[in-house]
There are 2 protein chains.
Amino acid sequence: MTVEQDFFNQYRLMYRPFINQVNVQLEKYQLYSSQWAVLRLLNDKGRHSFVEIANYMSIEKPSVTRFVHKLVELGYVETVAGRDKREKLVQLTAYGEELVLEIKAHLKPLFEQALAGVSKQEIEIATQVLAKICANINR
Amino acid sequence: MTVEQDFFNQYRLMYRPFINQVNVQLEKYQLYSSQWAVLRLLNDKGRHSFVEIANYMSIEKPSVTRFVHKLVELGYVETVAGRDKREKLVQLTAYGEELVLEIKAHLKPLFEQALAGVSKQEIEIATQVLAKICANINR
DNA sequence: TAAATTAGTTAGCCTAGGTAACTATATACC
DNA sequence: GGTATATAGTTACCTAGGCTAACTAATTTA
């Protein structure tokens, strides 16, 4: 078995337990991990149109419509007029912004426990590897 | 944003494009990436019971039943009697074994392209980080 | 100004997971 | 030994979270 295959095997193996743990932590906010990913994007990089969110997350527009409508219902985000009459921008509400901070703090222990015994340097290398793969794949 | 959160964000971001690419490559074998993961397990580590497969993949037994029945239909695996009358072991057929080799070769270029510009050493570190997380989470 | 493109929506489908409840077998406990 | 509990796999049905196709409205291009 090659190092490459090994890596992707391990990558895959981690997915379900990780997502399950995150979902357990997010339950009290009525969120799933994919909805949380949208909130994080809006918090870290400001408002985005539906198409921008779709591209960022590598999903299709109808899926974004559903996520966003759910998040609007929960009062975490709102849509505002975009650059022209077609476009709508999604942004966090004041409540949503508070919540993101709270959730980040709430998730922190999980992330730290998951990465226990791994040095900062190793985490950074692993992060760079993942980023590089994204760039290679989406090219 | 902490290095931990950054890492998990990047991890998540890679998932969909990666799985989609793998699925495209597996289409000609009528497989999805999760079914392929089962075949790989059987090839790399020999025959497993349904429960063992469920534990390894962090999924529930009914999901395994479905996977395996699909793979039996395709003629890639077969079930044999286990250690007692309840247990059934799943193993590759001769055809399945050939196929695993073929698929591994078929996927190799994709993995190499995805990891282009990443050193063996970095890949190994990233793999260890992922394995460590699995161990930490499942504890 | 007609044709093509783009943003978002709607409807309906599929995968890949889940839970609950079941059968058959095996083990543990009085 | 017989009853209670546990375990392996199955069945039926539910859900999250994707997808495509076809649509409307607005915009850009030819």
Side-chain angles (χ1 to χ4, degrees), chain A residues 12-24 26-27 29-39 41 47-74 77-91, chain B residues 12-24 26-27 29-39 41 47-74 77-91:
Chain A
R12 209 177 194 304
L13 217 51
M14 188 188 123
Y15 187 75
R16 292 214 59 75
F18 168 61
I19 293 294
N20 285 342
Q21 293 257 3
V22 171
N23 281 340
V24 167
L26 291 177
E27 219 167 71
Y29 304 103
Q30 295 175 265
L31 289 174
Y32 287 92
S33 69
S34 43
Q35 295 160 346
W36 165 238
V38 176
L39 292 183
L41 170 66
R47 57 193 183 190
H48 282 68
S49 72
F50 284 66
V51 167
E52 285 166 349
I53 294 173
N55 290 340
Y56 177 78
M57 299 185 66
S58 305
I59 58 179
E60 299 301 316
K61 291 185 296 175
S63 308
V64 176
T65 298
R66 239 172 339 187
F67 281 155
V68 171
H69 287 181
K70 184 71 194 304
L71 292 172
V72 168
E73 255 178 56
L74 290 167
V77 307
E78 61 196 353
T79 54
V80 298
R83 277 158 293 195
D84 61 39
K85 284 184 187 169
R86 293 171 304 177
E87 196 183 62
K88 289 199 279 184
L89 297 177
V90 186
Q91 65 185 16
Chain B
R12 211 177 192 305
L13 216 51
M14 189 188 121
Y15 187 75
R16 293 212 56 75
F18 168 61
I19 292 295
N20 285 342
Q21 293 256 1
V22 173
N23 281 341
V24 167
L26 291 176
E27 220 167 72
Y29 304 102
Q30 294 174 266
L31 290 173
Y32 287 92
S33 68
S34 43
Q35 296 161 344
W36 165 239
V38 176
L39 292 184
L41 170 65
R47 57 194 182 189
H48 283 68
S49 72
F50 284 66
V51 167
E52 286 166 349
I53 294 173
N55 290 340
Y56 177 78
M57 298 184 66
S58 305
I59 57 179
E60 299 301 316
K61 291 186 296 175
S63 308
V64 176
T65 298
R66 241 169 337 192
F67 281 157
V68 171
H69 287 180
K70 183 70 194 303
L71 292 173
V72 168
E73 255 178 57
L74 290 167
V77 307
E78 61 197 354
T79 56
V80 298
R83 279 158 292 194
D84 60 37
K85 285 185 186 169
R86 292 171 303 177
E87 197 184 61
K88 291 198 277 182
L89 297 177
V90 187
Q91 63 186 17

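Keep in mind the model is a prediction, meaning the values are calculated, not measured. Reminder, nothing fancy here: chain letters follow the sequence lines and each chain counts from 1.
Under 4.0 angstrom from either OP1 or OP2 of D:dG9 there lies no side-chain N or O belonging to B:T65. Phosphate proximity of D:dT10 to B:K88: present, with a side-chain N or O under 4.0 Å from OP1 or OP2. Listed pair B:H69 / D:dT10 meets the phosphate criterion, a side-chain N or O lying under 4.0 Å from OP1 or OP2.
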Please lay out, stage by stage, how A:K70 and A:L31 fare under the test side-chain contact (heavy atoms from CB on, under 4.5 Å). CA-CA 9 Å; A:K70 184 71 194 304; A:L31 289 174; over 6 Å; no
Using the rule given for side-chain contact (heavy atoms from CB on, under 4.5 Å), can you reason through A:Y56 versus B:L13, listing the C-alpha separation, both sets of side-chain angles and the distance that settles it, and then say yes or no? CA-CA 8 Å; A:Y56 177 78; B:L13 216 51; 3.7 Å; yes
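Considering only heavy atoms from C-beta on, A:Y15 stays 4.5 Å or farther from B:I19 through its side chain.
Considering all non-hydrogen atoms of both residues, B:G82 and B:L89 come closest at CA-CG, 3.9 Å. In terms of heavy atoms, B:R12 sits closest to A:S34 at NH2-N, 3.3 Å. In this structure, A:Q35 and A:F67 approach most closely via the heavy-atom pair CG-CD2, 3.9 Å. Across A:R47 and A:Q91, no two heavy atoms sit closer than the pair NH1-OE1, 2.9 Å.
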With the sugar-phosphate defined as primed atoms, P, OP1 and OP2, and the base as all remaining atoms, what B/S/- string results for nucleotides 25-30 of chain D, 5' to 3', for protein heavy atoms under 4.0 Å? -BS---
Going 5' to 3' through nucleotides 17-24 of chain D, assign each nucleotide B (protein heavy atom under 4.0 Å from a base atom), S (under 4.0 Å only from sugar-phosphate atoms) or - (no protein heavy atom that close). SBBBB---
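Straight-line distance from the CZ atom of B:F50 to the P atom of C:dT25: 16 Å, rounded to whole Å. At whole-Å resolution of the value, CD in B:E27 and P in C:dC14 are 15 Å apart. Atom CD1 of B:I53 and atom P of D:dA8 are 13 Å apart (whole Å). In this entry the distance linking CG of B:L31 with C1' of C:dT15 reads 14 Å, nearest Å. The CD1 atom of A:I19 sits 15 Å away from the C1' atom of C:dG18 (whole-angstrom rounding).
By the salt bridge (Lys or Arg N to Asp or Glu O under 4.0 Å) test, B:E52 pairs with B:R83, sequence neighbours left out.
In this structure, the side chain of A:N23 does not engage the main chain of A:L26 through any donor-acceptor pair within 3.5 Å.
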